[in-house]
Amino acid sequence: MPRLAAALRGLAAAAAALITVTALSPSAAGTVTRRAPSSPPVHDPKATREFVALRSVDPTIIQEMRYFTPHDFMGVPVTGYRAPMCLLTRDTARALHRAQISFLRRGYSLKVYDCYRPQRAVDHFVSWAKDLGDQRMKAEFYPRVDKSTLFRDGYIAEKSGHSRGSTVDLTLVRLPALPTRPYVPGEPLSSCYGPKAARFPDNSLDMGTGFDCFDTLAHTLDPRIKGEQRANRLLLKDGLERAGFVNYDKEWWHYTFTPETFPDTYFDFPVARRSLVRH
């Protein structure tokens with residue numbers, strides 16, 4: 001019995017020592033919570049030095065950055081747009097500046113709707129397109145298109161040239177530019193291809209449809225677009241082509257400067273001033 005008692009006292013002492021060591025060890029659950037260093041913050045990627053804010057190259061070009069607002073085909077601000085600003089490669093911004101000088105001489109100004117678009121924004125588009133139940137903006141942006149066909153018809157894709165930094169969505173405004181009112185979520189919607197007076201107010205020239213209209217009438221040279229509307233599209237097209245831009249023929253507002261600075265690279269830094277690298 002004395003030996004058994006001594007053995008039990010030894011086991012108790014060892015257990016107490018083990019408990020003490022465990023309590024002080026970094027591997028103890030309670031201690032990890034208190035002492036482990038926090039995980040390093042996840043930093044957004046930065047733009048390369050070739051990217052600039054358009055306003056720093058040409059402050060006269062009007063900017064109405066739609067995807068920063070809920071007035072787009074999804075009805076919500078788009079992921080990745082943290083500021084209402086146009087970012088582009090320097091070559092593209094300089095080419096827009098050349099085009100702007102030409103238009104200003106004739107009493108017009110360029111107005112951009114979208115410029116560089118991060119991949120995370122494109123992913124947001126794709127996720128929205130797969131949610132067939134969300135059609136809150138259908139009456140304005142795709143009244144004649146079944147949402148289930150947006151991928152097949154090419155309106156939504158998993159990659160966008162905008163993410164390469166040389167593509168812009170834009171229009172022309174007659175000077176002096178009139179102000180445009182903001183969109184109020186939930187307000188009654190009008191189709192993007194209706195008469196200009198019936199569409200959502202926009203101070204741009206009448207191009208036959210609104211921006212981001214998912215309809216064949218938005219094809220740049222659609223034969224149903226005639227008269228002043230066709231002349232306005234050709235005015236924009238001619239001026240931009242002279243500056244080195246190429247139009248995407250299914251969207252009158254979509255132009256890419258060539259040769260592209262990054263023809264094969266899709267960026268994902270957010271649209272924000274802090275994304276730019278200081279020179």
Side-chain angles (χ1 to χ4, degrees), residues 64-81 112-164 166-171 183 185-196 198-202 204 206-226 229-230 232-233 236-237 245-256 264 266-268 271:
E64 186 180 314
M65 310 309 295
R66 287 286 189 88
Y67 296 149
F68 181 72
T69 78
H71 190 212
D72 57 48
F73 56 84
M74 298 193 301
V76 296
V78 181
T79 300
Y81 287 83
V112 292
Y113 293 113
D114 191 35
C115 301
Y116 159 75
R117 181 184 306 163
Q119 180 61 44
R120 67 191 72 183
V122 179
D123 294 343
H124 192 180
F125 290 174
V126 171
S127 176
W128 167 83
K130 292 178 179 178
D131 180 5
L132 300 184
D134 182 354
Q135 303 199 27
R136 74 188 80 175
M137 302 300 284
K138 178 178 175 62
E140 178 173 353
F141 291 94
Y142 53 107
R144 294 191 289 210
V145 176
D146 191 308
K147 189 177 180 182
S148 65
T149 69
L150 293 181
F151 286 105
R152 184 197 70 190
D153 295 343
Y155 292 113
I156 301 291
E158 295 185 350
K159 294 289 184 181
S160 169
H162 281 272
S163 301
R164 301 195 295 264
S166 297
T167 295
V168 290
D169 293 337
L170 72 178
T171 188
Y183 164 75
E187 70 175 85
L189 302 175
S190 299
S191 69
C192 56
Y193 54 77
K196 190 174 193 303
R199 301 196 298 263
F200 184 85
D202 192 317
S204 72
D206 185 4
M207 298 291 183
T209 77
F211 165 63
D212 257 0
C213 189
F214 294 179
D215 197 275
T216 54
L217 278 173
H219 294 186
T220 307
L221 300 179
D222 187 284
R224 293 168 294 177
I225 300 297
K226 301 176 180 179
Q229 295 173 340
R230 185 178 184 87
N232 290 338
R233 290 188 184 189
L236 177 65
K237 185 172 185 288
F245 289 86
V246 176
N247 174 240
Y248 173 52
D249 63 2
K250 291 181 172 56
E251 296 175 350
W252 60 258
W253 55 82
H254 182 120
Y255 285 84
T256 299
D264 303 307
Y266 296 83
F267 295 94
D268 191 40
V271 177

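- For R136, the side chain to side chain donor-acceptor pair (under 3.5 Å) partners at least two apart in sequence or on another chain are D134.
- Partners of D206 according to the salt bridge (charged side-chain N to carboxylate O under 4.0 Å, His left out) rule, which considers only residues two or more places apart in sequence or in another chain, are R199.
- K147 and D131 get closest at one heavy-atom pair: NZ-O, 2.7 Å.
- Between the side chain of K250 and the backbone N or O of G154 there is no donor-acceptor pair closer than 3.5 Å.
- Residues passing the salt bridge (charged side-chain N to carboxylate O under 4.0 Å, His left out) test with K237, sequence neighbours excluded: E241.
- Between V271 and P118 there is a side-chain heavy-atom pair separated by less than 4.5 Å.
- The closest donor-acceptor contact from the side chain of D222 to the backbone of K226 lies at 3.5 Å or more, if one exists at all.
- In terms of the salt bridge (charged side-chain N to carboxylate O under 4.0 Å, His left out) criterion, residue partners of D268 (sequence neighbours excluded) are, by chain and number, R120.
- With no hydrogens or angles considered, no side-chain donor-acceptor pair links T167 and R117 at under 3.5 Å.
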(request) Begin with the C-alpha distance, continue with both residues' side-chain angles, and end with the deciding distance and a verdict on side-chain contact (heavy atoms from CB on, under 4.5 Å) for F267 and R164. (result) CA-CA 6 Å; F267 295 94; R164 301 195 295 264; 5.5 Å; no

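- Partner V112 forms a side-chain contact (heavy atoms from CB on, under 4.5 Å) with one of M65, E64, R66 and no other, that one being M65.
- Among residues two or more places apart in sequence or in another chain, the side-chain contact (heavy atoms from CB on, under 4.5 Å) test is passed with P185 by P70, Y183.
- Atoms CG and SG, from D202 and C192 in turn, are 12.0 Å apart once rounded to the nearest 0.5 Å.
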Please table the atom pairs, donor to acceptor, closer than 3.5 Å between any side-chain atom in residues 137-145 and protein atoms at least two apart or in another chain.
unit_1	atom_1	unit_2	atom_2	d
K138	NZ	Y142	O	3.1
K138	NZ	V145	O	2.6
E140	OE1	H71	NE2	3.2
E140	OE2	H71	NE2	3.0
R144	NE	D215	OD2	3.0
R144	NH2	D215	OD1	3.0
R144	NH2	D215	OD2	3.2

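- Atom OG of S160 is separated from atom OH of Y116 by 10.5 Å, given to the nearest 0.5 angstrom.
- Here the CG-OG1 distance, from N232 to T171, works out to 8.0 Å after rounding to the nearest 0.5 Å.
- Remark: the backbone N or O of L217 is not paired with any side-chain donor or acceptor of T209 at under 3.5 angstrom.
- Sorted by first and then second residue, the disulfide bond (SG atoms under 2.5 Å apart) pairs involving residues 119-152 (not counting sequence neighbours) form an empty list.
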(request) Would you check, one step at a time, whether the test side-chain contact (heavy atoms from CB on, under 4.5 Å) holds for F68 with V78? (result) CA-CA 6 Å; F68 181 72; V78 181; over 6 Å; no

(request) Give the intermediate values and the outcome of side-chain hydrogen bond (donor to acceptor under 3.5 Å, both in side chains) for residues R224 and T216. (result) CA-CA 10 Å; R224 293 168 294 177; T216 54; 2.8 Å; yes

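- Every residue was checked against the side chain to side chain donor-acceptor pair (under 3.5 Å) condition with D72, not counting sequence neighbours, and none meets it.
- Y155 pairs by the ring pair (Phe, Tyr, Trp, His ring centres under 6.0 Å) definition with F214, not counting sequence neighbours.
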For residues 121-130, which side-chain donor-acceptor pairs fall under 3.5 Å, sequence neighbours excluded?
unit_1	atom_1	unit_2	atom_2	d
D123	OD1	Q119	NE2	2.9
H124	ND1	T79	N	3.1
H124	ND1	T79	OG1	3.1

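- Under the 4.5 Å side-chain criterion, counting only non-hydrogen atoms from C-beta, E251 is not in contact with T220.
- Taking the ring pair (Phe, Tyr, Trp, His ring centres under 6.0 Å) definition, one finds that H254 meets it with H162, Y248, sequence neighbours left out.
- Under a cut-off of 6.0 angstrom, the local environment of CD in E158 is sparse, with at most 12 non-hydrogen atoms contributed by other residues, nucleotides or ligands.
- In terms of the ring pair (Phe, Tyr, Trp, His ring centres under 6.0 Å) criterion, residue partners of F211 (sequence neighbours excluded) are, by chain and number, Y113, W253.
- Looking only at side-chain heavy atoms (C-beta outward), D212 and Y67 come within less than 4.5 Å of each other.
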